[in-house]
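Structure first, commentary second.
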Amino acid sequence: MNQHLTPPPVPFIDVVSQRERLGKSIDQAVSRVLAHCQFINGPEVAELEARLAAFCGAKHVVGCASGTDALLMVLMAKGVGRGDAVLCPSFTFCATGEVVALLGATPVFVDVDEATFNMDVESFKRGIATARRLGLKPVAVIPVDLFGQSADQDAIGAVASAEGLFVLDDAAQSFGATYKGRRLGSFGLATATSFFPAKPLGCFGDGGAIFTDDADLAATLRSVRVHGQGTDKYDNVRIGLTARLDTMQAAILIEKLKIFDDEIAARNRVADRYAQGLGNVLAVPHVAHGCTSVWAQYTIRLPNGVDRDGFAAALKAQGVPTAIYYPKSMHQQTAYRDFPVADGGLPVSERLSDEVISLPMHAYLDETTQARIIAAVRGAL
Ligand SMILES: Cc1ncc(COP(=O)(O)O)c(C=O)c1O
């Protein structure tokens with residue numbers, strides 16, 4: 001009888017195994033914070049910032065409350081507002097464009113590249129022209145490093161500097177990845193990342209960080225994250241936020257950062273096994289030449305004619321969860337559909353939203369479980 005029972009469901013992201021591996025080190029880190037009671041801006045925050053700077057090569061790191069705040073704070077520090085246009089890929093998580101709209105500026109959505117799912121440079125150029133035609137002033141671009149790998153930093157950076165735009169890299173999903181041998185966090189004016197628990201480097205709540213080589217920007221960001229405070233605590237010099245990273249989360253991240261490189265290597269082994277097991281039946285992710293990925297998601301494209309809902313249901317019946325990132329690109333969503341899109345439209349984003357589906361991906365996916373996932377995928381096709 002038992003042999004007919006489906007084995008227990010596979011976790012989509014396994015936070016529990018990582019928690020077990022880290023065991024006492026996390027408990028002790030949290031206990032230290034509980035002992036010194038500096039829950040806001042405790043010593044762990046500065047220590048984490050220094051460790052993150054050393055990890056990615058950025059000169060300044062400013063911890064903050066989330067990846068969304070990280071993006072928002074840079075735009076606030078740069079004074080982005082009404083009449084300004086910020087170019088964003090449409091095939092991304094909503095926070096990328098949301099922060100632009102929050103400030104009264106206009107997100108102009110551009111298309112992505114069919115192979116990497118990251119910003120298409122030609123569409124980016126068209127988006128700048130579209131913005132100008134609409135009477136907007138293009139001031140910035142937010143290239144997103146989607147699903148774990150970098151956007152084309154050189155090509156985007158070249159267009160941005162020729163057109164007078166600053167680059168705010170959205171590495172919420174890709175901190176730890178490299179582009180031409182350099183870790184993300186050292187490209188553009190600033191980079192934002194997220195420590196949401198499901199991210200490759202995640203904490204046990206919300207958290208984020210900003211990376212920059214610009215000392216003045218870093219100083220402004222430190223003011224923005226505490227209500228825009230100046231040197232006199234009660235004379236706020238700009239409009240700001242409560243956007244600090246909790247000491248407790250910083251303490252947890254210090255411990256997690258110690259095993260991050262090892263986890264990135266494990267994620268890459270998982271990705272390699274998927275590519276071997278699935279590469280001949282469907283479109284597996286493509287990592288661009290000169291890039292490495294941290295595999296925030298393992299996102300496949302289904303062959304023509306395969307019904308995505310049916311495919312997901314067949315996998316679910318085998319105890320294999322899937323997720324769709326993103327069933328609607330930003331320009332297709334209710335809150336964003338009135339914002340402009342680059343001339344020529346966004347056909348690739350729309351196609352990807354119809355065809356992609358993500359498989360379980362984490363550093364603790366063992367070979368047996370993965371073989372089960374691969375067999376389920378092949379069986380469902
Ligand atoms: C591409 C991208 N940008 C920004 C964010 C926002 O990060 P957070 O959830 O920490 O606010 C996310 C989070 O999912 C993301 O995937």
Side-chain angles (χ1 to χ4, degrees), residues 12-13 15 48 52 61-76 86-103 107 109-110 112-113 116-119 140-151 153 156 167-177 184-185 187-188 190-211 221 224-225 241-246 249-250 252-253 256 285 293-299 323-331 333 335-336 349 352-353 356 358 361-362:
F12 190 73
I13 287 172
V15 220
L48 174 71
L52 289 170
V61 179
V62 180
C64 62
S66 70
T68 306
D69 279 343
L71 292 166
L72 181 63
M73 285 165 63
V74 175
L75 298 183
M76 287 173 74
V86 177
L87 289 293
C88 310
S90 184
F91 189 64
T92 179
F93 181 67
C94 64
T96 311
E98 180 185 42
V99 291
V100 178
L102 262 175
L103 294 175
F109 293 114
V110 312
V112 294
D113 174 69
T116 62
F117 307 160
N118 280 326
M119 185 177 271
V141 55
I142 308 184
V144 176
D145 310 308
L146 203 72
F147 299 157
Q149 80 163 312
S150 176
Q153 302 289 347
I156 293 168
V167 178
L168 166 55
D169 192 29
D170 182 347
Q173 302 183 6
S174 299
F175 184 65
L184 295 184
F187 295 92
T191 300
T193 201
S194 163
F195 301 127
F196 183 77
K199 296 291 189 258
L201 180 63
C203 57
F204 289 170
D206 279 309
I210 304 155
F211 305 81
L221 291 168
V224 169
R225 82 174 164 184
L241 302 165
T242 317
R244 296 165 294 234
L245 177 67
D246 286 354
Q249 300 302 345
I252 290 163
L253 284 163
K256 288 201 177 196
S293 178
V294 291
W295 300 103
Q297 303 298 339
Y298 193 87
T299 303
I324 297 171
Y325 305 112
Y326 299 92
K328 284 184 181 186
S329 292
M330 281 200 76
H331 72 285
Q333 297 177 24
Y336 299 98
S349 300
L352 291 176
S353 287
V356 293
S358 302
M361 166 52 84
H362 54 83

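Since the structure is predicted, the reported quantities are computational estimates derived from the model, not experimental observations. Counting convention: from 1, in listed order, for ligands and their atoms alike.
In summary, the side chains of Asp169 and Gln153 do present a donor paired with an acceptor at a separation below 3.5 Å, with no hydrogens or angles considered.
Considering backbone and side-chain N/O atoms, Lys199 comes within less than 3.5 Å of an N/O atom of ligand 1.
The Thr92 neighbourhood of ligand 1 comprises atoms 1 (C), with distances under 4.0 Å to a heavy atom of that residue. Below 4.0 Å from some heavy atom of Ala172 lie the following atoms of ligand 1, by number and element: 2 (C), 3 (N), 4 (C), 5 (C), 12 (C), 15 (C). Those atoms of ligand 1 with a heavy atom of Val144 less than 4.0 angstrom away are 1 (C). Those atoms of ligand 1 that come under 4.0 Å of a heavy atom in Ser66, given as number and element, are 10 (O), 11 (O). Each of the following atoms of ligand 1 lies closer than 4.0 Å to a heavy atom of Ala95: 4 (C), 5 (C), 6 (C).
Ring geometry, Tyr325 versus Phe12: the interplanar angle falls from 30° to 60°, so the pair is classed tilted. Using cut-offs of 30° and 60° for the angle between ring planes, the Phe147 and Tyr326 rings count as parallel.
Ranking protein heavy atoms by distance to atom 3 (N) of ligand 1, first place goes to Asp170 OD2, 2.8 Å. In this structure, the protein non-hydrogen atom closest to atom 16 (O) of ligand 1 is Gln173 NE2, 2.8 Å. At the top of the distance list for atom 12 (C) of ligand 1, counting protein heavy atoms only, stands Phe93 CD2, 3.3 Å.
The heavy-atom pair separating Asn118 from Leu146 by the smallest distance is OD1-N, 2.8 Å. The minimum heavy-atom distance between Met119 and Leu87, with the atom names listed, is CE-O, 4.1 Å. Closest approach of Ile156 and Ala151 over heavy atoms only: CD1-CB, 3.9 Å.
Here the shortest heavy-atom distance to atom 10 (O) of ligand 1, taken over Ala198, Ser194, Ala296, Gly202, belongs to Ser194.
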Subject >> side-chain contact (heavy atoms from CB on, under 4.5 Å) evaluation trace for Phe195 with Ile252 >> reply: CA-CA 11 Å; Phe195 301 127; Ile252 290 163; over 6 Å; no

**OP:** In sequence, state the C-alpha distance, the side-chain angles, and the governing distance for Cys88 and Met330, and then conclude on side-chain contact (heavy atoms from CB on, under 4.5 Å).
**Re:** CA-CA 10 Å; Cys88 310; Met330 281 200 76; 5.9 Å; no

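Of all the heavy atoms of Thr68, the ones lying under 4.0 Å from any atom of ligand 1 are found in both the backbone and the side chain. Residue contacts with ligand 1, taken as heavy atom pairs separated by less than 4.0 Å, do not involve Leu146 at all.
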